[in-house]
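Protein chains get the first letters and strands the later ones, always in sequence-line order, with residue 1 at the start of each.
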Amino acid sequence: MAKPRVIYWFRTDLRLRDSPALQAALDLNPEAFWPVWTWDPHYVYRARVGVNRWQFLIDCQNDVSKSITKINKRSKLFLMREAPQTLFPKLFKAWKITHLVFEKDTDAYARDRDTEVMKIAREAGVEVIVRSGRTLWDSDQLVEKNHGKPTMSISQVQAAGPKIGNIPRPIPAPKSIPDPGETNLDFEQEQPETAPDLNSGTRKHGDKSYEKISGPNGDFSVPTLEELGFPASTSLHRGGEKIALEMLDKIIADEKYTATFEKPNTAPTDFEPQATTLLSPHLHFGSLSIREFYWRVQDVVDNYSGKASQPPVSLTGQLLFRDMYFGAQASLGYSFGQTLYNSHCRFIPWHLPSKVDHETKLVTGEYHIDSPLAEQWFQRWKYGRTGFPWIDALMRQLRTEGWIHHLGRHAVACFLTRGGCYISWERGAEVFEEWLLDHETACNAGNWQWLSCTAFYAQFYRCYSPVAFPQKWDKEGLFVRRYCPELKGLDKKYIYEPWKAPIQDQKKAGVRIQGDGEEEQEGVYPKPMFDFAERRTICLDGMKKAYGVGLYGDDPKVIDGTWRKLFDDAAEGPTEGNTFEDAMAHDADEGEKVRDGLEGGDDNDGAIQEDETGAKEKGGEIKGGDAKKGKKRKGGQGTLDAHVKKSKK
DNA sequence: CTATGGGTTGCCTAC
DNA sequence: TGTAGGCAACCCATA
């Protein structure tokens with residue numbers, strides 16, 4: 001019998017140490033062994049990936065490639081610029097492959113992709129070996145032990161996990177890797193569908209990564225940002241297994257930190273160094289094994305002489321949350337990443353709701369601009385120009401460095417959704433998806449649902465203040481001064497509410513608090529975009545109302561638009577509730593028309609119609625007639641006074 | 001069935 | 001400077 005000819009398919013497991021799937025591949029004792037990465041157009045064009053995360057991925061790929069070459073100088077990571085679904089059938093044949101091995105991935109798209117690849121392999125007579133390794137416990141098993149239901153609380157994970165068994169100890173990196181076989185390719189490269197390209201806004205020129213299947217030099221090398229058309233990374237956080245293990249070593253060496261870590265007591269305002277581990281991007285790309293992290297920490301905890309912290313606040317507790325979100329996603333699939341058709345996500349009539357294709361039941365990637373004012377708030381939030389320094393500093397840190405502290409994420413997420421703007425959590429999740437180095441679909445969607453009180457968490461009356469919360473950690477405002485340098489000279493008395501600084505103080509500090517942040521101006525910081533206390537009250541009322549109505553994303557009333565009957569106009573959000581009698585008539589239509597009907601857009605197309613550039617900055621346009629028109633049309637949407645009065649009755 | 005306590009990470013005021 | 005209780009009130013697991 002011929003010896004195995006094996007492709008090991010790297011995906012979110014960019015490491016050599018503690019990779020159960022890689023070990024399984026090597027255990028086949030292959031005659032020829034190709035470590036492969038497929039440059040999937042779905043990731044390149046259809047996922048939101050900012051330049052910093054591209055760099056991190058490339059770092060990880062280069063590092064794993066180097067590590068392979070170190071063990072066998074004839075081998076490396078063979079990066080092929082084509083979708084796996086079309087590449088593999090050709091590759092199986094050309095290289096006479098007998099086995100395909102990879103780590104299990106429960107992301108919704110990954111499942112579809114892998115199902116297709118497994119079918120292709122079966123047809124080609126190639127044996128597929130899949131090993132779980134991305135989470136503490138296999139997510140499907142976790143769901144099974146949770147009575148077949150998505151894991152929606154940490155106590156469920158703590159009950160279900162141990163029923164599967166103990167968390168395995170990490171296995172060492174392989175000491176040898178067999179030679180690859182031939183690497184000639186005598187087939188054509190399938191050209192990808194490049195549109196829509198969700199990353200076109202970041203590219204400075206067109207993507208060149210599909211010009212040749214083996215790369216510009218024909219050596220299967222890892223792409224460069226230049227090849228992808230992106231500018232240079234702006235983050236100092238770097239990827240790769242080597243770096244990840246060094247970081248872990250450093251953390252573990254500090255026994256007290258490791259054993260007594262309590263997440264809620266770490267300061268979100270700390271920078272250089274940050275208060276948490278910064279290992280999350282490595283867990284995402286797999287440059288660090290989750291079991292490696294778990295056991296290195298657990299061993300310190302077990303040997304600690306003092307009082308160690310416990311899950312869920314401890315370091316290992318953080319990993320449980322990750323498994324919880326993975327379990328929820330494994331069970332709910334695509335719907336976990338959106339509100340509509342999500343059986344476990346509460347329906348709240350947020351502003352800027354996602355557009356949904358009712359045939360596929362999936363969000364389209366676009367959204368309805370039901371309120372120009374909300375859109376303006378959203379843009380100001382995204383680019384760190386809200387006029388609230390704590391929020392702006394965090395958003396600027398996120399954009400330039402790709403990472404913010406977990407509690408900082410709480411602050412900006414609460415502010416955008418239930419505690420300020422009343423904008424859909426899905427808008428915020430998209431921004432995080434683009435900018436976070438550690439973006440993990442399951443964790444991102446889960447945490448946004450948590451913070452917006454649509455799932456996992458329900459105490460919506462606990463609301464983060466953009467002034468009081470950072471005061472708890474950083475009275476001097478050092479964090480704000482670092483990321484909003486125009487406020488550097490301001491007295492600490494005003495650092496979180498600069499609009500209160502008298503004009504003399506502003507002059508002394510060399511900053512003027514004026515304008516709406518639409519355009520950046522040297523020495524100018526915008527006024528706050530709303531009165532936070534007022535907005536907090538309005539949002540709280542809206543949440544109370546929506547909780548009372550009690551709809552979830554898969555409710556027929558949510559899908560067909562009749563949810564409006566259950567809301568009145570006192571509820572914040574584009575409800576136009578029971579005063580909008582004709583809305584139902586429009587909703588009888590199918591598909592996109594349903595959502596269009598929901599707009600109640602009859603005579604105001606100019607004000608509410610979004611266009612291709614809708615998500616981009618609109619300059620002064622919003623502020624002009626449109627904003628006024630929107631306000632008027634919504635009758636209370638932007639009229640804070642009316643809402644405040646109503647909320648006080 | 002109801003009652004009760006807990007839930008990784010709120011804010012404010014009083015002592 | 002730290003802590004307790006009120007605030008208004010959510011869901012869920014358990015008894």
Side-chain angles (χ1 to χ4, degrees), chain A residues 146-147 149-161 259-270 274-277 280 297 301 308-325 328 343-348 388 390-391 394 404-420 443 446-476 479 496-497 531-552 647-649:
Chain A
N146 190 43
H147 318 291
K149 296 195 171 76
T151 42
M152 300 304 288
S153 73
I154 205 66
S155 57
Q156 288 171 355
V157 174
Q158 285 173 310
T260 63
F261 181 95
E262 290 189 345
K263 185 63 149 289
N265 293 334
T266 57
T269 49
D270 280 4
Q274 285 89 347
T276 50
T277 68
S280 49
V297 171
V301 168
S309 54
Q310 293 294 315
V313 294
S314 64
L315 267 184
T316 56
Q318 307 312 303
L319 306 182
L320 297 179
F321 282 102
R322 186 170 175 273
D323 265 48
M324 176 181 80
Y325 292 133
S343 57
H344 286 65
C345 179
R346 280 181 184 279
F347 173 78
I348 314 279
F388 294 95
W390 167 237
I391 301 297
L394 286 163
I404 48 180
H405 185 279
H406 189 66
L407 291 180
R409 300 180 196 198
H410 279 216
V412 297
C414 179
F415 184 89
L416 183 73
T417 59
R418 66 183 167 86
C443 300
N447 275 315
W448 272 96
Q449 287 171 57
W450 181 300
L451 262 300
S452 62
C453 289
T454 48
F456 300 101
Y457 189 75
Q459 290 160 273
F460 55 74
Y461 45 88
R462 291 191 179 169
C463 180
Y464 292 90
S465 157
V467 176
F469 187 70
Q471 285 282 5
K472 183 177 160 191
W473 307 100
D474 181 10
K475 290 226 174 0
E476 302 293 322
F479 179 81
Y496 294 115
E497 33 192 356
D531 180 311
F532 177 74
E534 282 178 6
R535 288 300 308 172
R536 185 187 169 279
T537 310
I538 292 163
C539 289
L540 210 58
D541 276 2
M543 293 300 288
K544 251 186 275 185
K545 172 70 182 171
Y547 263 68
V549 170
L551 296 174
Y552 283 80
S647 70
K648 280 182 181 161
K649 75 178 171 204

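At least one side-chain heavy atom of W390(A) sits less than 4.5 Å from a side-chain heavy atom of F479(A). With a 4.5 Å cut-off on side-chain heavy atoms, D323(A) and T151(A) do not count as touching. Side-chain contact between D270(A) and H405(A) is absent, with no heavy atoms from C-beta onward closer than 4.5 Å. Side-chain atoms of W448(A) and C345(A), non-hydrogen and from C-beta on, never get closer than 4.5 Å to each other. The shortest side-chain heavy-atom distance between V301(A) and T316(A) does not fall under the 4.5 Å cut-off.
Within the nucleic acid shown, L540(A) has no heavy atom closer than 4.0 Å to any nucleic acid atom. Contacts of Q156(A) with the nucleic acid, taken as non-hydrogen atoms under 4.0 Å apart, involve only primed sugar atoms and P, OP1 or OP2. Residue contacts shown for F321(A) include a base, since a base heavy atom lies under 4.0 Å away. Looking at heavy-atom distances under 4.0 Å, R536(A) makes no contact with the nucleic acid at all. In this structure, W473(A) reaches neither bases nor backbone, as no heavy-atom distance under 4.0 Å exists between it and the strands shown.
Nearest nucleotide to the S155(A) side chain, out of dC11(C), dA13(C), dT9(B): dA13(C).
Scanning for side-chain hydrogen bond (donor to acceptor under 3.5 Å, both in side chains) contacts around S153(A) gives S155(A), with sequence neighbours left out. Taking the side-chain hydrogen bond (donor to acceptor under 3.5 Å, both in side chains) definition, one finds that Y325(A) meets it with N447(A), sequence neighbours left out.
Going from atom NZ of K472(A) over to atom C1' of dT1(C) covers 15 Å, rounded to whole Å. dT9(B) atom P lies 19 Å from atom CG of L394(A), rounded to whole Å. Across the protein-nucleic acid pair, M152(A) atom CE and dC10(C) atom P stand 19 Å apart, rounded to whole Å. Between the CD atom of Q471(A) and the P atom of dT13(B) there is a distance of 13 Å, rounded to whole Å. One interatomic measurement links the two molecules: NZ of K149(A) to P of dC12(C), which rounds to 12 Å at whole-angstrom precision. The nearest whole Å value for the distance from the NE2 atom in H405(A) to the C1' atom in dT9(B) is 9 Å. In this structure, the NZ atom of K263(A) is 17 Å from the P atom of dG7(B), given to the nearest Å. As rounded to whole Å, 16 Å separates atom P of dC10(C) from atom CG of L551(A).
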field: Intra- and interstrand pairs of DNA chain B - dot-bracket, Watson-Crick/G-U under 3.5 Å, | marks other strand
entry: .||||||..||||||
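A salt bridge (charged side-chain N to carboxylate O under 4.0 Å, His left out) check over residues 450-471 of chain A, counting only residues at least two apart or in different chains, returns nothing. Screening residues 404-417 of chain A for salt bridge (charged side-chain N to carboxylate O under 4.0 Å, His left out) gives R409(A)-D438(A) as the qualifying pairs, with residues at least two apart or on separate chains.
A donor-acceptor pair is defined here as one N or O able to donate and one able to accept, closer than 3.5 Å; no such pair exists between the side chain of Q471(A) and the backbone of P466(A).
OP1 or OP2 of dC10(C) has not a single side-chain nitrogen or oxygen of K544(A) nearer than 4.0 Å.
Only A458(A), Q459(A), F460(A), Y461(A), listed by number, bring a heavy atom of residues 454-466 of chain A to less than 4.0 angstrom from any atom of DNA chain C.
With both ends at atom P, the span from dT9(B) to dT1(C) equals 26 Å, rounded to whole Å. The P atoms of dG5(C) and dG5(B) are separated by 14 Å, rounded to the nearest whole Å. Distance noted for atom C1' between dA15(C) and dC1(B): 12 Å (whole Å).
In terms of polar N and O atoms assigned as donor or acceptor, the side chain of E262(A) never comes within less than 3.5 Å of the base of dT9(B) in a complementary pairing.
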